[in-house]
Amino acid sequence: MYGTFHLWGYTFRWLNILDVIIVAFLIYQLYRLLRGSIAFNIFWGVVVIYGAYFVVKFLEMPMLTNILQNFINVGILAIIIIFQPEIRRFLLMLGRRTPFSHDSALMRFLLSDKLKGFRDEEDTIRHITMAVNNLANTYTGALIILTDTYKLRFSTTTGVPIDGKVTARLLESIFKKNSPLHDGAVIIAANRLIAAKVVLPVSENPDLPARIGLRHRSAVGVTEQANVLAVIVSEERGTISYAQDGHLFQDVSLEDLKSKLYEVLVEKG
Ligand SMILES: Nc1ncnc2c1ncn2[C@@H]1O[C@H](COP(=O)(O)OP(=O)(O)OP(=O)(O)O)[C@@H](O)[C@H]1O
């Protein structure tokens, strides 16, 4: 038959090979995503149950097959609930790799009229770096989230709407210790400071350094759930860090931060 080949007396279709490659790719992506998190142990638990199910089915042990089959049926629902943040990150990661994702070369080409002028982005970068430098020098804690969507879920449920031009003065006055808005995060989208005092989801990644507190953990947390950059100024140490894609980059220089902001706001703009 067309599209088939023979190996060790069996007939295979080329689509079977494709099937295996796609499944292997998805499992590898899942492994990369879960590596180092508590969910990784649960993932292994699920693999063991699936393995056991196929073994007892192969050995034709009806009762165990039945029990495991029922367990797996209910398990699918349990997995969706347990792995909800991971599934969200997984879909986000897959979405980013499609030709229509915002990061893709195709979309950058199609949106290339944006490259005509990045004056607003450059202004935003200048004001953010100026504010971050001053905040770090004065040991003033700050948390700034840069996103390209206004609909960041966390800003709509908590926080104080502002919708102002991003200026160093505004950022510094928000994070001043006696300001009523200094707690929580500021959200910047499309060169507008859209909200302050926003409460973010806190990361539960056990691999994060034990000494970091809630400011840094929530910066990582938001980047695990949304495609954003989180900039942190430590109140305790006066240092600058940023989080992206669930990873924390600590104690970066102002120059590093500036390049990262260019990468996120201009190059990927
Ligand atoms: N879920 C959250 N979302 C946004 N901001 C938060 C959240 N939890 C805490 N924060 C902010 O972090 C501050 C507390 O920071 P904490 O000292 O625990 O963290 P840290 O990472 O050690 O930071 P620092 O180095 O500045 O001390 C709070 O006052 C608040 O402004």
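Side chains are part of it too, since the values below use all heavy atoms of this structure and drop only hydrogens, waters and symmetry mates. In each ligand, atom 1 is the first atom listed, and ligand 1 is the first ligand listed. Note that the structure is predicted; figures quoted are calculated from it, not measured.
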- Do you see a donor-acceptor pair shorter than 3.5 Å between the side chains of S259 and D256? no

- Task: Measure across A219 and V222 and return the closest heavy-atom pair with its distance rounded to 0.1 Å.
- Result: O-CG1, 3.2 Å

- Residues forming a ring pair (Phe, Tyr, Trp, His ring centres under 6.0 Å) with Y50, sequence neighbours excluded: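 If we apply the ring pair (Phe, Tyr, Trp, His ring centres under 6.0 Å) test to Y50, skipping adjacent residues, there are no hits.
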
- Between R13 and D19, does at least one N-O distance fall below 4.0 Å, as a salt bridge requires?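 D19 and R13: not salt-bridged.
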
What does the contact table look like for ligand 1 (nitrogen or oxygen on each side, cut-off under 3.5 Å)?
residue, atom, partner, partner atom, Å
ligand 1, 1 (N), L200, O, 2.9
ligand 1, 3 (N), L200, N, 2.8
ligand 1, 18 (O), L214, N, 3.1
ligand 1, 19 (O), L214, N, 3.2
ligand 1, 19 (O), R215, N, 3.0
ligand 1, 21 (O), G213, N, 3.1
ligand 1, 21 (O), G213, O, 3.3
ligand 1, 21 (O), R215, N, 3.4
ligand 1, 21 (O), H216, N, 3.1
ligand 1, 21 (O), H216, ND1, 2.5
ligand 1, 22 (O), G213, N, 3.3
ligand 1, 25 (O), S234, OG, 2.5
ligand 1, 26 (O), R215, NE, 3.0
ligand 1, 26 (O), R215, NH2, 3.3
ligand 1, 26 (O), E235, N, 2.6
ligand 1, 29 (O), D183, OD1, 2.7
ligand 1, 31 (O), D183, OD1, 2.8
ligand 1, 31 (O), G184, N, 2.9

- For atom NZ of K260, is the number of surrounding heavy atoms from other residues, nucleotides or ligands below 6.0 Å larger than 12?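 Check passes, neighbour count above 12.
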
- Task: Look at the side-chain heavy atoms of Ile, Leu, Val, Met, Phe, Trp and Tyr, link any pair under 4.5 Å apart, and say whether Y262 and I128 land in one connected group.
- Result: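 Shared cluster, yes.
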
